[in-house]
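Take a look at the structure below.
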Amino acid sequence: IDGLCKLGRVEEAELLLEQMQQRQCFPNLVTYSTLLNGLCATGNVARAWFLLKEIVQLGYKPEAVSFNMLLNKLCKMNRINHAVELVKDMIEQGCSPDQVSHNILVDALCKSQEVENASGYLQLGGVFPPSVEAYTSLIHSLCKAGDYNEALALLDFMPSTGCLPNTITYNAMIDGLCKAAEVDKAHTVFQGMVKSGFTPDRITYNSLIDGFGKAGRVKEAEELLRLMQSNGLKPCTITYTSLISGLCLIRHVDKAVRTLRRMSSAGCSPDGITYTVLIDGLVKTGRFRSAEKLFMEMKMKSKRGCAPSVFTYSSLVKGYLRAGKPDRVLELLDEMLKRDCPPNIVTYNILIHGLVQEKQVDRAVWLLQEMEKQGCSPNIISYSSLIYGLCCALRLEEAYELLQNMLKVSARPPSPVTFTAIAEGM
RNA sequence: ACUCAUAGAACAACCAC
(Lines give C-alpha, C1' and ligand atoms only; values in the text may rest on other atoms or scores of the structure.)
Protein backbone atom coordinates (compact mmCIF):
# COMPACT_ATOMS: atom_id res chain seq x y z
CA ILE A 1 0.00 0.00 0.00
CA ASP A 2 2.81 2.37 0.86
CA GLY A 3 4.58 1.52 -2.38
CA LEU A 4 1.50 2.20 -4.49
CA CYS A 5 0.90 5.46 -2.65
CA LYS A 6 4.44 6.60 -3.22
CA LEU A 7 3.98 5.96 -6.93
CA GLY A 8 0.87 8.11 -6.80
CA ARG A 9 -1.35 5.11 -7.52
CA VAL A 10 -3.69 5.68 -4.61
CA GLU A 11 -6.77 4.14 -6.22
CA GLU A 12 -4.97 0.83 -6.46
CA ALA A 13 -3.81 1.22 -2.87
CA GLU A 14 -7.41 1.71 -1.77
CA LEU A 15 -8.45 -1.34 -3.71
CA LEU A 16 -5.69 -3.39 -2.15
CA LEU A 17 -6.82 -2.38 1.31
CA GLU A 18 -10.27 -3.76 0.52
CA GLN A 19 -8.90 -6.92 -0.99
CA MET A 20 -6.78 -7.75 2.01
CA GLN A 21 -9.90 -7.77 4.16
CA GLN A 22 -11.60 -10.20 1.81
CA ARG A 23 -8.63 -12.43 2.37
CA GLN A 24 -9.09 -12.31 6.10
CA CYS A 25 -6.12 -10.15 6.62
CA PHE A 26 -7.22 -7.14 8.60
CA PRO A 27 -5.67 -3.73 8.34
CA ASN A 28 -4.51 -2.01 11.50
CA LEU A 29 -4.00 1.65 12.29
CA VAL A 30 -0.68 1.75 10.49
CA THR A 31 -2.23 0.30 7.35
CA TYR A 32 -4.92 2.94 7.42
CA SER A 33 -2.47 5.73 8.20
CA THR A 34 -0.32 4.69 5.30
CA LEU A 35 -3.24 5.01 2.93
CA LEU A 36 -4.28 8.23 4.63
CA ASN A 37 -0.89 9.69 3.95
CA GLY A 38 -1.13 8.63 0.32
CA LEU A 39 -4.50 10.31 -0.03
CA CYS A 40 -3.13 13.50 1.52
CA ALA A 41 -0.02 13.49 -0.61
CA THR A 42 -2.12 13.32 -3.77
CA GLY A 43 -4.41 16.09 -2.61
CA ASN A 44 -7.44 13.90 -1.95
CA VAL A 45 -8.21 15.61 1.33
CA ALA A 46 -11.93 14.95 1.19
CA ARG A 47 -11.38 11.23 0.87
CA ALA A 48 -8.67 11.38 3.52
CA TRP A 49 -11.01 13.03 5.98
CA PHE A 50 -13.68 10.49 5.19
CA LEU A 51 -11.23 7.66 5.78
CA LEU A 52 -10.24 9.16 9.09
CA LYS A 53 -13.86 9.22 10.19
CA GLU A 54 -14.29 5.68 8.98
CA ILE A 55 -11.35 4.54 11.04
CA VAL A 56 -12.96 6.05 14.12
CA GLN A 57 -16.26 4.37 13.35
CA LEU A 58 -14.50 1.05 13.06
CA GLY A 59 -13.52 1.52 16.67
CA TYR A 60 -9.91 2.51 16.20
CA LYS A 61 -8.45 5.39 18.09
CA PRO A 62 -6.16 7.19 15.68
CA GLU A 63 -3.16 8.91 17.20
CA ALA A 64 -1.87 12.37 16.46
CA VAL A 65 0.34 11.14 13.59
CA SER A 66 -2.70 10.26 11.53
CA PHE A 67 -4.43 13.56 12.20
CA ASN A 68 -1.22 15.43 11.53
CA MET A 69 -0.99 14.10 8.00
CA LEU A 70 -4.32 15.61 7.10
CA LEU A 71 -3.73 18.70 9.21
CA ASN A 72 -0.53 19.42 7.35
CA LYS A 73 -2.08 18.98 3.95
CA LEU A 74 -5.05 21.21 4.80
CA CYS A 75 -2.69 23.91 6.01
CA LYS A 76 -0.50 23.63 2.93
CA MET A 77 -3.62 24.01 0.79
CA ASN A 78 -4.43 27.14 2.75
CA ARG A 79 -7.69 25.69 4.02
CA ILE A 80 -7.22 27.05 7.48
CA ASN A 81 -10.87 26.86 8.48
CA HIS A 82 -10.91 23.18 7.72
CA ALA A 83 -7.67 22.73 9.62
CA VAL A 84 -9.18 24.35 12.70
CA GLU A 85 -12.21 22.12 12.36
CA LEU A 86 -9.95 19.09 12.19
CA VAL A 87 -8.18 20.09 15.38
CA LYS A 88 -11.57 20.29 17.09
CA ASP A 89 -12.46 16.86 15.74
CA MET A 90 -9.20 15.55 16.98
CA ILE A 91 -9.71 16.82 20.51
CA GLU A 92 -13.30 15.57 20.58
CA GLN A 93 -12.05 12.14 19.75
CA GLY A 94 -9.73 12.23 22.69
CA CYS A 95 -6.54 12.77 20.80
CA SER A 96 -4.48 15.74 21.96
CA PRO A 97 -2.49 17.67 19.41
CA ASP A 98 1.18 16.88 19.86
CA GLN A 99 4.38 18.77 19.19
CA VAL A 100 4.16 18.07 15.48
CA SER A 101 0.59 19.39 15.32
CA HIS A 102 1.76 22.58 16.95
CA ASN A 103 4.62 22.91 14.53
CA ILE A 104 2.26 22.50 11.61
CA LEU A 105 -0.03 25.21 12.97
CA VAL A 106 2.81 27.60 13.69
CA ASP A 107 4.07 27.13 10.16
CA ALA A 108 0.59 27.77 8.77
CA LEU A 109 0.31 30.98 10.77
CA CYS A 110 3.72 32.07 9.53
CA LYS A 111 2.90 31.40 5.91
CA SER A 112 -0.43 33.20 6.06
CA GLN A 113 1.44 36.41 6.84
CA GLU A 114 0.50 36.15 10.46
CA VAL A 115 4.04 36.01 11.74
CA GLU A 116 3.07 38.21 14.65
CA ASN A 117 0.35 35.82 15.66
CA ALA A 118 2.63 32.87 15.20
CA SER A 119 5.14 34.46 17.49
CA GLY A 120 2.44 35.15 20.08
CA TYR A 121 1.12 31.64 19.77
CA LEU A 122 4.59 30.29 20.42
CA GLN A 123 5.05 32.44 23.49
CA LEU A 124 1.78 31.14 24.85
CA GLY A 125 3.73 27.96 24.90
CA GLY A 126 1.30 25.77 26.74
CA VAL A 127 2.33 22.18 26.81
CA PHE A 128 5.06 22.47 24.26
CA PRO A 129 8.02 24.79 24.32
CA PRO A 130 8.88 26.12 20.86
CA SER A 131 10.75 23.54 18.81
CA VAL A 132 13.50 23.97 16.24
CA GLU A 133 10.92 23.46 13.54
CA ALA A 134 8.78 26.28 14.87
CA TYR A 135 11.75 28.61 15.13
CA THR A 136 12.76 27.72 11.62
CA SER A 137 9.28 28.52 10.32
CA LEU A 138 9.40 31.85 12.09
CA ILE A 139 12.84 32.75 10.80
CA HIS A 140 11.85 31.85 7.29
CA SER A 141 8.69 33.96 7.41
CA LEU A 142 10.28 36.92 9.12
CA CYS A 143 12.80 37.05 6.32
CA LYS A 144 10.08 36.78 3.73
CA ALA A 145 8.29 39.69 5.36
CA GLY A 146 11.49 41.71 4.98
CA ASP A 147 12.41 41.65 8.64
CA TYR A 148 15.68 39.79 8.54
CA ASN A 149 17.03 41.68 11.53
CA GLU A 150 14.28 40.24 13.64
CA ALA A 151 15.09 36.81 12.21
CA LEU A 152 18.76 37.21 13.06
CA ALA A 153 17.80 38.23 16.58
CA LEU A 154 15.66 35.13 16.92
CA LEU A 155 18.48 32.90 15.71
CA ASP A 156 20.65 34.47 18.37
CA PHE A 157 18.00 34.09 21.03
CA MET A 158 17.05 30.43 20.47
CA PRO A 159 19.90 28.80 22.39
CA SER A 160 18.95 30.70 25.55
CA THR A 161 15.63 28.83 25.50
CA GLY A 162 17.46 25.55 25.34
CA CYS A 163 16.62 25.04 21.70
CA LEU A 164 19.64 24.95 19.43
CA PRO A 165 19.34 25.80 15.75
CA ASN A 166 20.17 23.05 13.30
CA THR A 167 21.35 23.03 9.70
CA ILE A 168 17.83 23.67 8.43
CA THR A 169 17.44 26.71 10.70
CA TYR A 170 20.69 28.14 9.40
CA ASN A 171 19.62 27.37 5.86
CA ALA A 172 16.41 29.32 6.32
CA MET A 173 18.35 32.28 7.68
CA ILE A 174 21.00 32.17 4.97
CA ASP A 175 18.46 31.90 2.20
CA GLY A 176 16.38 34.70 3.69
CA LEU A 177 19.39 36.99 3.72
CA CYS A 178 20.29 36.05 0.16
CA LYS A 179 16.78 36.84 -1.00
CA ALA A 180 16.97 40.18 0.78
CA ALA A 181 20.06 40.91 -1.33
CA GLU A 182 22.27 40.68 1.74
CA VAL A 183 24.69 38.02 0.52
CA ASP A 184 27.56 39.26 2.62
CA LYS A 185 25.49 38.92 5.77
CA ALA A 186 24.44 35.47 4.54
CA HIS A 187 28.04 34.51 4.11
CA THR A 188 28.85 35.69 7.61
CA VAL A 189 26.07 33.51 9.01
CA PHE A 190 27.44 30.64 6.95
CA GLN A 191 30.87 31.09 8.48
CA GLY A 192 29.36 31.32 11.94
CA MET A 193 27.45 28.15 11.32
CA VAL A 194 30.59 26.25 10.37
CA LYS A 195 32.45 27.67 13.34
CA SER A 196 29.72 26.45 15.68
CA GLY A 197 30.18 22.98 14.32
CA PHE A 198 27.16 22.67 12.06
CA THR A 199 27.58 20.98 8.73
CA PRO A 200 26.33 22.89 5.73
CA ASP A 201 24.40 20.70 3.33
CA ARG A 202 23.53 20.92 -0.33
CA ILE A 203 20.72 23.38 0.37
CA THR A 204 23.04 25.72 2.27
CA TYR A 205 25.35 25.92 -0.71
CA ASN A 206 22.53 26.17 -3.21
CA SER A 207 21.10 29.18 -1.40
CA LEU A 208 24.45 30.93 -1.27
CA ILE A 209 25.30 30.14 -4.87
CA ASP A 210 21.96 31.52 -5.95
CA GLY A 211 22.41 34.59 -3.76
CA PHE A 212 25.84 35.42 -5.13
CA GLY A 213 24.61 34.81 -8.65
CA LYS A 214 21.71 37.21 -8.17
CA ALA A 215 24.12 39.79 -6.80
CA GLY A 216 26.12 39.49 -10.01
CA ARG A 217 29.03 37.91 -8.14
CA VAL A 218 29.41 34.72 -10.12
CA LYS A 219 33.09 34.31 -9.28
CA GLU A 220 32.21 33.87 -5.64
CA ALA A 221 29.34 31.59 -6.57
CA GLU A 222 31.80 29.39 -8.45
CA GLU A 223 34.15 29.39 -5.50
CA LEU A 224 31.32 28.16 -3.32
CA LEU A 225 30.61 25.41 -5.80
CA ARG A 226 34.19 24.25 -5.48
CA LEU A 227 34.02 24.47 -1.71
CA MET A 228 30.86 22.42 -1.82
CA GLN A 229 32.57 19.73 -3.86
CA SER A 230 35.64 19.69 -1.67
CA ASN A 231 33.32 19.03 1.24
CA GLY A 232 32.03 15.96 -0.50
CA LEU A 233 28.72 17.41 -1.67
CA LYS A 234 27.71 16.80 -5.24
CA PRO A 235 26.21 19.81 -7.01
CA CYS A 236 22.71 19.05 -8.25
CA THR A 237 20.41 20.40 -10.94
CA ILE A 238 19.39 23.30 -8.73
CA THR A 239 23.01 24.21 -8.07
CA TYR A 240 23.82 24.42 -11.73
CA THR A 241 20.59 26.20 -12.56
CA SER A 242 21.41 28.93 -10.07
CA LEU A 243 24.87 29.26 -11.51
CA ILE A 244 23.52 29.46 -15.05
CA SER A 245 21.00 32.03 -13.93
CA GLY A 246 23.77 34.13 -12.41
CA LEU A 247 25.84 33.89 -15.57
CA CYS A 248 22.87 34.97 -17.68
CA LEU A 249 22.27 37.92 -15.41
CA ILE A 250 25.72 39.30 -16.13
CA ARG A 251 25.22 38.35 -19.78
CA HIS A 252 27.87 35.66 -19.89
CA VAL A 253 25.56 33.50 -21.93
CA ASP A 254 28.27 31.55 -23.71
CA LYS A 255 29.64 30.41 -20.43
CA ALA A 256 26.10 29.64 -19.34
CA VAL A 257 25.66 27.34 -22.33
CA ARG A 258 28.96 25.67 -21.56
CA THR A 259 27.83 25.17 -17.99
CA LEU A 260 24.74 23.36 -19.25
CA ARG A 261 26.91 20.98 -21.24
CA ARG A 262 29.32 20.59 -18.36
CA MET A 263 26.59 19.59 -15.93
CA SER A 264 25.28 16.96 -18.33
CA SER A 265 28.68 15.37 -18.62
CA ALA A 266 29.06 15.54 -14.85
CA GLY A 267 26.06 13.26 -14.66
CA CYS A 268 23.61 15.89 -13.57
CA SER A 269 20.83 16.40 -16.07
CA PRO A 270 19.26 19.79 -16.67
CA ASP A 271 15.54 19.95 -16.18
CA GLY A 272 12.85 22.21 -17.61
CA ILE A 273 13.79 25.05 -15.29
CA THR A 274 17.47 24.90 -16.27
CA TYR A 275 16.57 25.13 -19.94
CA THR A 276 14.10 27.94 -19.32
CA VAL A 277 16.64 30.01 -17.42
CA LEU A 278 19.14 29.62 -20.19
CA ILE A 279 16.66 30.30 -22.97
CA ASP A 280 15.59 33.44 -21.16
CA GLY A 281 19.18 34.57 -20.93
CA LEU A 282 19.81 33.89 -24.60
CA VAL A 283 16.65 35.64 -25.71
CA LYS A 284 17.47 38.69 -23.61
CA THR A 285 20.80 39.01 -25.37
CA GLY A 286 19.24 38.52 -28.78
CA ARG A 287 20.64 35.04 -29.35
CA PHE A 288 17.52 33.61 -30.89
CA ARG A 289 19.17 30.85 -32.87
CA SER A 290 20.78 29.33 -29.82
CA ALA A 291 17.58 29.79 -27.88
CA GLU A 292 15.58 27.96 -30.54
CA LYS A 293 18.10 25.15 -30.56
CA LEU A 294 17.65 24.61 -26.86
CA PHE A 295 13.91 24.99 -27.22
CA MET A 296 13.95 22.12 -29.73
CA GLU A 297 16.08 20.10 -27.38
CA MET A 298 13.52 20.60 -24.64
CA LYS A 299 10.71 19.36 -26.80
CA MET A 300 12.69 16.27 -27.68
CA LYS A 301 13.25 15.61 -24.00
CA SER A 302 9.62 16.33 -23.10
CA LYS A 303 9.15 12.94 -21.58
CA ARG A 304 12.17 13.37 -19.36
CA GLY A 305 10.85 16.32 -17.41
CA CYS A 306 12.02 18.95 -19.83
CA ALA A 307 8.82 19.93 -21.57
CA PRO A 308 8.57 23.65 -22.31
CA SER A 309 6.38 25.41 -19.74
CA VAL A 310 4.44 28.68 -19.70
CA PHE A 311 7.64 30.18 -18.37
CA THR A 312 9.58 29.05 -21.42
CA TYR A 313 6.96 30.26 -23.85
CA SER A 314 6.57 33.59 -22.06
CA SER A 315 10.29 34.24 -22.24
CA LEU A 316 10.32 33.53 -25.95
CA VAL A 317 7.20 35.58 -26.60
CA LYS A 318 8.71 38.57 -24.84
CA GLY A 319 11.92 38.22 -26.78
CA TYR A 320 10.25 38.01 -30.16
CA LEU A 321 7.95 40.91 -29.38
CA ARG A 322 10.94 43.06 -28.56
CA ALA A 323 12.73 41.91 -31.66
CA GLY A 324 9.73 42.87 -33.79
CA LYS A 325 8.91 39.34 -34.94
CA PRO A 326 5.14 39.11 -34.48
CA ASP A 327 4.85 36.07 -36.74
CA ARG A 328 6.93 33.95 -34.44
CA VAL A 329 4.91 35.25 -31.49
CA LEU A 330 1.70 34.06 -33.09
CA GLU A 331 3.23 30.68 -33.85
CA LEU A 332 4.30 30.30 -30.24
CA LEU A 333 0.87 31.28 -28.92
CA ASP A 334 -0.68 28.75 -31.23
CA GLU A 335 1.74 26.08 -30.08
CA MET A 336 0.96 26.82 -26.45
CA LEU A 337 -2.69 26.02 -26.98
CA LYS A 338 -1.88 22.91 -28.99
CA ARG A 339 0.47 21.67 -26.30
CA ASP A 340 -2.07 22.23 -23.61
CA CYS A 341 0.03 24.92 -22.03
CA PRO A 342 -2.30 27.93 -22.18
CA PRO A 343 -1.05 31.47 -21.63
CA ASN A 344 -1.31 32.70 -18.06
CA ILE A 345 -1.46 36.16 -16.58
CA VAL A 346 2.23 36.83 -17.16
CA THR A 347 1.97 35.84 -20.81
CA TYR A 348 -0.95 38.23 -21.22
CA ASN A 349 0.93 40.99 -19.44
CA ILE A 350 3.86 40.53 -21.79
CA LEU A 351 1.52 40.76 -24.76
CA ILE A 352 -0.21 43.88 -23.45
CA HIS A 353 3.13 45.52 -22.87
CA GLY A 354 4.28 44.52 -26.33
CA LEU A 355 1.19 45.99 -27.95
CA VAL A 356 1.58 49.21 -25.99
CA GLN A 357 5.18 49.49 -27.14
CA GLU A 358 3.98 49.09 -30.72
CA LYS A 359 1.43 51.87 -30.13
CA GLN A 360 -1.36 49.37 -30.76
CA VAL A 361 -3.32 50.54 -27.76
CA ASP A 362 -6.72 49.47 -29.13
CA ARG A 363 -5.58 45.91 -29.40
CA ALA A 364 -4.11 46.09 -25.92
CA VAL A 365 -7.49 47.31 -24.61
CA TRP A 366 -9.13 44.41 -26.38
CA LEU A 367 -6.63 41.94 -24.92
CA LEU A 368 -7.33 43.09 -21.40
CA GLN A 369 -10.98 42.20 -21.90
CA GLU A 370 -10.06 39.01 -23.67
CA MET A 371 -7.87 37.72 -20.87
CA GLU A 372 -10.72 38.21 -18.44
CA LYS A 373 -12.95 36.19 -20.75
CA GLN A 374 -10.35 33.43 -20.76
CA GLY A 375 -10.66 33.27 -17.02
CA CYS A 376 -7.48 35.17 -16.33
CA SER A 377 -8.19 38.27 -14.26
CA PRO A 378 -5.88 41.21 -14.94
CA ASN A 379 -3.64 42.31 -12.07
CA ILE A 380 -1.89 45.55 -11.20
CA ILE A 381 0.76 44.93 -13.81
CA SER A 382 -1.79 44.40 -16.59
CA TYR A 383 -3.62 47.59 -15.67
CA SER A 384 -0.50 49.66 -15.19
CA SER A 385 0.87 48.70 -18.60
CA LEU A 386 -2.35 49.57 -20.33
CA ILE A 387 -2.86 52.80 -18.39
CA TYR A 388 0.63 53.80 -19.39
CA GLY A 389 -0.22 53.10 -23.02
CA LEU A 390 -3.41 55.10 -22.85
CA CYS A 391 -1.64 58.04 -21.23
CA CYS A 392 1.04 58.00 -23.89
CA ALA A 393 -1.70 58.14 -26.51
CA LEU A 394 -3.29 61.03 -24.60
CA ARG A 395 -6.43 58.99 -24.06
CA LEU A 396 -6.71 60.28 -20.54
CA GLU A 397 -10.42 59.73 -20.03
CA GLU A 398 -10.06 56.04 -20.73
CA ALA A 399 -6.94 55.86 -18.62
CA TYR A 400 -8.76 57.41 -15.71
CA GLU A 401 -11.68 55.09 -16.12
CA LEU A 402 -9.38 52.10 -16.17
CA LEU A 403 -7.61 53.31 -13.06
CA GLN A 404 -10.94 53.54 -11.25
CA ASN A 405 -11.77 50.09 -12.46
CA MET A 406 -8.47 48.75 -11.22
CA LEU A 407 -8.93 50.28 -7.80
CA LYS A 408 -12.37 48.73 -7.64
CA VAL A 409 -11.48 45.18 -8.60
CA SER A 410 -7.94 44.83 -7.32
CA ALA A 411 -7.49 43.18 -3.98
CA ARG A 412 -4.07 44.68 -3.54
CA PRO A 413 -3.35 48.38 -3.25
CA PRO A 414 -1.91 50.01 -6.38
CA SER A 415 1.84 50.21 -6.53
CA PRO A 416 3.76 53.45 -6.95
CA VAL A 417 4.75 52.15 -10.35
CA THR A 418 1.19 52.61 -11.54
CA PHE A 419 1.26 56.30 -10.71
CA THR A 420 4.75 56.87 -12.04
CA ALA A 421 3.52 55.30 -15.25
CA ILE A 422 0.57 57.66 -15.42
CA ALA A 423 2.75 60.67 -14.78
CA GLU A 424 5.31 59.54 -17.34
CA GLY A 425 2.68 58.66 -19.88
CA MET A 426 1.09 62.07 -19.56
C1' A B 1 6.31 1.24 10.08
C1' C B 2 3.45 6.35 9.01
C1' U B 3 3.16 13.03 9.99
C1' C B 4 6.05 19.04 10.66
C1' A B 5 10.52 23.58 9.18
C1' U B 6 15.07 25.37 4.54
C1' A B 7 17.25 25.77 -2.04
C1' G B 8 16.59 27.10 -8.81
C1' A B 9 12.81 29.95 -13.99
C1' A B 10 9.07 34.33 -17.29
C1' C B 11 5.70 40.26 -16.87
C1' A B 12 4.82 46.96 -15.96
C1' A B 13 6.90 53.03 -14.83
C1' C B 14 11.19 55.87 -13.60
C1' C B 15 16.44 56.05 -12.58
C1' A B 16 21.30 54.21 -13.99
C1' C B 17 24.04 51.91 -17.90
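A note on names: the letters A, B, ... follow the listed sequences, proteins ahead of strands, and every chain is numbered from 1. Quick caveat, the model's predicted, so the values are computed rather than measured.
Within the 4.0 angstrom heavy-atom criterion, no nucleotide atom of any strand lies near Asp98(A). At a threshold of 4.0 angstrom between heavy atoms, the contacts of Ser66(A) with the nucleic acid are absent. Residue-level contact check: Ile168(A) touches the bases, meaning some heavy atom is under 4.0 Å from a base atom. As judged by a 4.0 angstrom heavy-atom cut-off over every strand, Asp2(A) is placed among residues making no nucleic acid contact. In this structure, Ser309(A) reaches the bases: a heavy-atom distance under 4.0 Å links it to at least one base atom across the strands shown. Residue Val100(A) is in base contact, counting any heavy-atom pair closer than 4.0 Å across all strands shown. Residue contacts shown for Lys179(A) are limited to sugar-phosphate atoms, with no base heavy atom under 4.0 Å away. Nucleic acid contact class of Thr274(A) (heavy atoms, under 4.0 Å, all strands): base.
Gln99(A) places its CD atom 12 Å from the C1' atom of rA5(B), with the value rounded to the nearest Å. Atom CD1 in Ile238(A) sits roughly 9 Å away from atom P in rA7(B) (whole-Å rounding). Taking atom CG of residue Leu52(A) and atom C1' of nucleotide rU3(B), one finds them 12 Å apart after rounding to whole Å. Atoms CG (Leu225(A)) and P (rA7(B)) sit 19 Å apart, rounded to a whole Å. Atom OH in Tyr275(A) sits about 15 Å away from atom C1' in rA9(B), given to the nearest Å. The CZ-C1' distance, from Phe67(A) to rU3(B), rounds to 13 Å in whole Å. Rounded to an integer number of Å, the gap from CG of Leu155(A) to C1' of rU6(B) is 13 Å. If you measure from atom CG of Asn171(A) to atom P of rG8(B), you get 12 Å, rounded to the nearest angstrom.
The shortest distance between the side-chain N/O atoms of Lys111(A) and the OP1/OP2 oxygens of rU6(B) is below 4.0 Å. For Lys214(A) and rA9(B), the shortest distance from a side-chain N or O to OP1 or OP2 is below 4.0 Å.
In terms of the ring-ring contact (aromatic ring centres under 6.0 Å, His included) criterion, Tyr400(A) has no residue partners (sequence neighbours excluded).
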Q. Going 5' to 3' along nucleotides 10-17 of chain B, which nucleotides have protein heavy atoms under 4.0 Å from the base (write B), which only from the sugar-phosphate (write S), and which from neither (write -)?
A. BBBBS---
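Looking at Asp107(A) and Asn72(A), their side chains never bring a donor and an acceptor atom within 3.5 Å of each other. For the residue pair Asn379(A)/Ser382(A), the side-chain donor-acceptor check at 3.5 Å is satisfied. Side chain to side chain, Ser309(A) and Thr312(A) meet the donor-acceptor criterion of an N or O pair below 3.5 Å.
Using modelled atom types, no side-chain atom of Ser245(A) and backbone atom of Thr241(A) make a donor-acceptor pair closer than 3.5 Å. Side chain of Thr237(A) to backbone of Ser269(A): a donor-acceptor contact under 3.5 angstrom is found. A donor-acceptor distance shorter than 3.5 angstrom exists from the side chain of Asn231(A) to the backbone of Leu227(A), with no hydrogens or angles considered. Between the side chain of Asn166(A) and the backbone N or O of Ile168(A), at least one donor-acceptor pair lies under 3.5 Å.
Side-chain atoms of Ser207(A) stay outside donor-acceptor range of the base of rA7(B), with no qualifying N/O pair under 3.5 Å. Under 3.5 Å, the side chain of Ser242(A) and the base of rG8(B) form no donor-acceptor pair of N or O atoms.
When distances run from any side-chain atom of Ala172(A) to the nucleotides rC2(B), rU6(B), rA9(B), the shortest one goes to rU6(B). Nearest to the side-chain atoms of Asp175(A) among the listed nucleotides rU6(B), rC4(B), rA5(B) stands rU6(B). Taking only side-chain atoms of Asn37(A), from C-beta outward, the nucleotide of rU3(B), rA7(B), rU6(B) with the closest atom is rU3(B).
Sorted by first and then second residue, the pairs that involve residues 164-178 of chain A and meet salt bridge (Lys or Arg N to Asp or Glu O under 4.0 Å), not counting sequence neighbours, are Asp175(A)-Lys179(A). Among pairs with a residue in residues 342-364 of chain A, none fulfils ring pair (Phe, Tyr, Trp, His ring centres under 6.0 Å), at least two apart in sequence or across chains.
Residues from residues 68-76 of chain A placing a heavy atom under 4.0 Å of any atom in RNA chain B, listed by number, are Asn68(A), Met69(A), Asn72(A), Lys76(A).
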Which pairs of donor and acceptor atoms, one on a side chain in residues 196-204 of chain A, lie under 3.5 Å apart (sequence neighbours left out)?
from, atom 1, to, atom 2, distance (Å)
Ser196(A), OG, Gly192(A), O, 2.7
Asp201(A), OD1, Asn171(A), ND2, 3.1
Asp201(A), OD1, Ile203(A), N, 3.0
Asp201(A), OD1, Thr204(A), N, 3.0
Asp201(A), OD1, Thr204(A), OG1, 2.9
Arg202(A), NH1, Lys234(A), O, 3.3
Thr204(A), OG1, Asn171(A), OD1, 2.6
Thr204(A), OG1, Asp201(A), N, 2.9
Thr204(A), OG1, Asp201(A), O, 3.3

